[in-house]
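Computed over heavy atoms, backbone and side chain alike; hydrogens, waters and symmetry mates excluded. Atoms within a ligand are numbered from 1 in the order they appear, just like the ligands themselves.
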Amino acid sequence: MQQAVLKKMMGAIAHTLPDEIGCDECFARSDQLAELVLEGKPAAELMPLVHAHLERCPDCREEFEALLDALRLTL
Ligand SMILES: [Zn+2]
């Protein structure tokens, strides 16, 4: 009984964000997102999945901010 409830809950959590991407995909696209940000474009609208991942993943956000800093230095 309890196991069935747990399984149901896990299923509900897994289906909350069906389009979410993982860290690997986020990392693969983060340079593209960084370029949009530096160009002053609406990065969150153009790449919502990557942006959403950065919002909830502190590790990737840290990487992304470091990338932004590095790119700003080259401008
Ligand atoms: Zn991540």
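- A salt bridge is defined here as a Lys NZ or Arg NE, NH1 or NH2 lying under 4.0 Å from an Asp or Glu carboxylate O, and R56 with E20 meets this definition.
- Take the N/O/S atoms of H53: the one nearest the Zn ion (ligand 1) is NE2.
- At the Zn ion (ligand 1), the vertex angle linking SG of C60 with SG of C57 is 110° (nearest 10 degrees).
- Taking backbone and side chain together, C23 holds an N, O or S atom under 2.8 Å from the Zn ion (ligand 1).
- Residues passing the side chain to side chain contact (heavy atoms under 4.5 Å, CB included) test with E63, sequence neighbours excluded: F27.
- Remark: side-chain polar atoms of R61 are paired, donor with acceptor, to backbone N or O of E55 under 3.5 angstrom.
- Remark: A34 pairs with F64, L67, L68, L71 by the side chain to side chain contact (heavy atoms under 4.5 Å, CB included) rule, at least two apart or across chains.
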